[in-house]
Amino acid sequence: MASNQNPQERVAAAPGTSAVGNVKADIVCLDGHQFRINYDVPQEITDRLYELFWQDEEVKYADIPEDLKAYEVTEAEGGETAGGHMLIKESHVDVPTSTNGKDIPMRIFLFHPTVPGYPQARFPGVCLFSEIYQVTGPVARFARQIAGHGYIVAAPSSYHDFVGPEPLAYDAADTDRGNRFKIEKTLESYDADSRATVDHLLSLPSCTGLIGATGMCLGGHLAVRAALDARITACVSYFATDIHSRTLGPYTAANTSPSPPPDSAHTLDLFPSLKGEVAMIFGIKDTHVPDAGRDLIRAKLRDAGVVFSFHEFAWAQHAFIRDELSKGRYDPAATKVCFEVLLELFGRVLKTDLGPKDGAVAAPEHIC
């Protein structure tokens, strides 16, 4: 397929079952055959499939290497397509923000599913908060993966207080900058960003009004903090940093006490305000959130009466879902399992009309 366009800038097709059903994301089609790419596929395989997809001459199935054919979508995986192909339209919008006396626009990157022939299709929204590097390639790929399953994904540029919307580099200098910005930015600014992101999603006629949140690293923390807003009813947090230590935003010293400091605005101490369902995901080998930190988060969630699940992966380290420059920590098998956790929670809470909650849930029966 001849094109001079970058594959990451192109509208991506994803076959599925319906406009808001279980949609298969991240697919390329070669000579009438579909192949999986991106999140559950090694990056090297994805890159090679993209090369075949974008080469000037149409590739023939017989010429596709056998190791790539292993990633072909089978009939059982593909299913029937009821509403045409799910497409992902990418754009951005700059929204005004005013925090701490500053009026600085914040760029929100949008990944919007569309279904040809269904111009009035509506989808739930998802706020996607990035790691300390802003919206990088891995974050954008994660956004596309979620959008391909029928969600409008909005990824804000968290460091608009300090820099433009461009991603920081995965190098030592920008890692230091990102970590510095993380604690210089105030909690009030973080909260204003998440409110503005939810506001924008709810302003879209194509949004159903149901909103979820997710993110990794700094973004995992911001997803939980965003869910303090009752408009967010489902949250999936990947290896959230700084919750257990109360070290997001300006602080004097880390504080891992189970007891909150006076008038605390830290996320850990606001768990009773979480009204939606939360899934927390961590790697046991994560040096950023040690055993005691994870135990504290779990205990505080339980004490606050939050509806939550807690997932720990035995060999996973920090940033284990990042498929680029992860310093040898990327774990595609665990990443795939985690994405299923996200799809289950979002699918059940955001795509099902549950009606109002009456609270009369019977205790489970003690049976074998």
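Below, all heavy atoms of this structure are taken into account, side chains as well, without hydrogens, waters or symmetry copies.
- Annotation: ring-ring contact (aromatic ring centres under 6.0 Å, His included) contacts of His33 (sequence neighbours excluded): Tyr61.
- Listed by first and then second residue, the salt bridge (Lys or Arg N to Asp or Glu O under 4.0 Å) pairs involving residues 166-175 are Asp174-Arg177 (not counting sequence neighbours).
- Residues passing the side chain to side chain donor-acceptor pair (under 3.5 Å) test with Asp269 are Arg246, Ser264, sequence neighbours excluded.
- Residues in residues 200-237 take part in no ring-ring contact (aromatic ring centres under 6.0 Å, His included) pair, two or more places apart or across chains.
- Residues forming a ring-ring contact (aromatic ring centres under 6.0 Å, His included) with His318 (at least two apart in sequence, or on another chain): Phe239, His288.
- With sequence neighbours left out, Arg107 forms a side chain to side chain donor-acceptor pair (under 3.5 Å) with Asp94.
- Think of Ile104 as one node in a network of Ile, Leu, Val, Met, Phe, Trp and Tyr side chains linked at under 4.5 Å; it has no links at all.
- Residue pairs satisfying the ring-ring contact (aromatic ring centres under 6.0 Å, His included) criterion with at least one member in residues 246-273, sequence neighbours excluded, are absent.
- The other members of the hydrophobic cluster of Met106, by chain and number, are Val93, Val95, Ile108, Leu110 (side-chain heavy atoms under 4.5 Å, ILVMFWY only).
- Legend: residues meeting side-chain contact (heavy atoms from CB on, under 4.5 Å) with Val135, ordered by chain and number and at least two apart, are Phe109, Val139, Ala155.
- Taking Ile, Leu, Val, Met, Phe, Trp and Tyr as hydrophobic and joining them when side-chain heavy atoms fall under 4.5 Å apart, one finds Leu218 in a cluster with Phe129, Ile132, Tyr133, Tyr159, Phe162, Val163, Leu168, Tyr170, Phe181, Leu187, Tyr190, Leu222, Leu248, Leu325.
- Evaluation of the salt bridge (Lys or Arg N to Asp or Glu O under 4.0 Å) test over residues 249-267, restricted to residues two or more places apart or in two chains, returns none.
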